[in-house]
Amino acid sequence: MAPQSLPEIGFLSDVSAGLKKMLAEQATEITLSAGETLFEQGDEGDALYAIIDGAVEFSVLAMDGRKLTLEMMRRGEMFGEITMFDPGARTATATAVEDSLLWRVRHADVLRQIRQQPELAVDMIHLAGQRMRWMGRQLNEQVFLPLPTRLARKIQHLAPEMAATPCKLDLSQAELAEFVGATREAVSKILSIWKRDGIIQGARGGLVIVDWEGLSRLAEPDQI
């Protein structure tokens with residue numbers, strides 16, 4: 001049994017009391033150092049994870065060998081729940097971007113608990129539905145939104161302190177480009193304009209958001 005409690009933020013804020021209890025009773029703690037890989041793309045998936053502290057990056061390798069960063073999840077997020085329904089190969093590599101503490105719950109343990117408490121199946125289906133809607137939104141943004149809007153939304157999402165300014169984001173231009181599927185040069189050009197307009201400031205190894213409302217306006221789909 002994991003001794004700590006689940007964060008009441010992020011994806012875990014919507015988890016039912018019954019599912020929280022099950023996770024707490026069945027979880028084991030996993031600690032990762034910054035840069036340590038939890039699992040790689042293609043590894044067999046047999047567990048779901050909850051982030052108790054820290055941050056985890058998810059990436060894939062494109063056909064040309066380039067690394068594409070899909071997402072970064074922080075405290076209060078959960079991932080790997082699809083393996084509860086269909087265990088199989090992991091579709092992305094998960095790497096800690098800072099020292100992190102995770103809870104791990106094995107597929108077999110979840111199934112055993114569902115057999116004892118069938119109502120937990122409804123909670124798991126709800127979680128899977130949330131994840132699929134989230135994936136659908138990400139795909140729509142990638143296909144239909146222009147690069148400046150995608151970049152503004154991604155910076156908002158990745159910022160460690162939502163709506164708190166000034167707020168430092170420790171990601172390079174190359175790393176931001178991986179997140180939005182663009183070249184570093186294209187991202188650099190957009191960031192230069194935002195610096196000129198007082199939305200962000202440059203910082204060693206990243207950027208600082210100084211005008212959150214301005215960034216929010218840039219993240220709106222009609223601000224093309």
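Just so it is clear, the structure is predicted and the values come from calculations on it, not from any experiment.
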### Message
Do Trp212 and Ile190 sit in one hydrophobic cluster, given that two such residues count as connected whenever their side-chain heavy atoms are within less than 4.5 Å of each other, even indirectly?
### Response
yes

[X] [atom1] to [Y] [atom2] distance, which is reported to the nearest 0.5 Å:
X: Ile125; Y: Leu120; atom1: CD1; atom2: CG; answer: 11.0 Å
X: Ile114; Y: Gln116; atom1: CD1; atom2: CD; answer: 11.0 Å
X: Leu171; Y: Ile155; atom1: CG; atom2: CD1; answer: 9.0 Å
X: Ile200; Y: Ile193; atom1: CD1; atom2: CD1; answer: 10.5 Å
X: Gln113; Y: Leu19; atom1: CD; atom2: CG; answer: 10.5 Å
X: Leu218; Y: Thr149; atom1: CG; atom2: OG1; answer: 8.0 Å

So, [X] side chain and [Y] main chain: donor-acceptor pair closer than 3.5 Å or not?
X: Thr93; Y: Gln41; value: yes
X: Gln156; Y: Ala219; value: no
X: Arg75; Y: Ile52; value: yes
X: Ser33; Y: Glu36; value: no

Kindly give the heavy-atom pair with the smallest separation between [X] and [Y], and that separation in Å.
X: Pro166; Y: Val208; answer: CB-CG1, 3.6 Å
X: Arg90; Y: Tyr49; answer: NH2-CE1, 3.6 Å
X: Leu147; Y: Ala186; answer: CD2-CB, 3.8 Å

Do [X] and [Y] make a side-chain contact, defined as non-hydrogen atoms from C-beta onward lying under 4.5 Å apart?
X: Met22; Y: Asp109; answer: no
X: Arg217; Y: Asp211; answer: yes
X: Arg74; Y: Glu98; answer: yes

### Selection residues 185-204 - residue pairs positive for side-chain hydrogen bond (donor to acceptor under 3.5 Å, both in side chains), sequence neighbours left out
Gln173-Ser188

### Query
Would Arg115 and Leu111 count as a side-chain contact (heavy atoms from CB on, under 4.5 Å) if you check the C-alpha gap in whole Å, the side-chain angles of each, and the deciding distance to 0.1 Å?
CA-CA 6 Å; Arg115 292 188 184 100; Leu111 289 184; 3.9 Å; yes

### For Glu178, all residues meeting side-chain contact (heavy atoms from CB on, under 4.5 Å), sequence neighbours excluded
Lys67, Thr69

### Task
Can you establish whether the number of heavy atoms outside Lys20 located under 6.0 Å from its atom NZ is more than 12?
yes

### Task
Assign the ring pair Phe79 / Phe58 to parallel, tilted or perpendicular, where the plane angle (0 to 90°) is split at 30° and 60°.
perpendicular

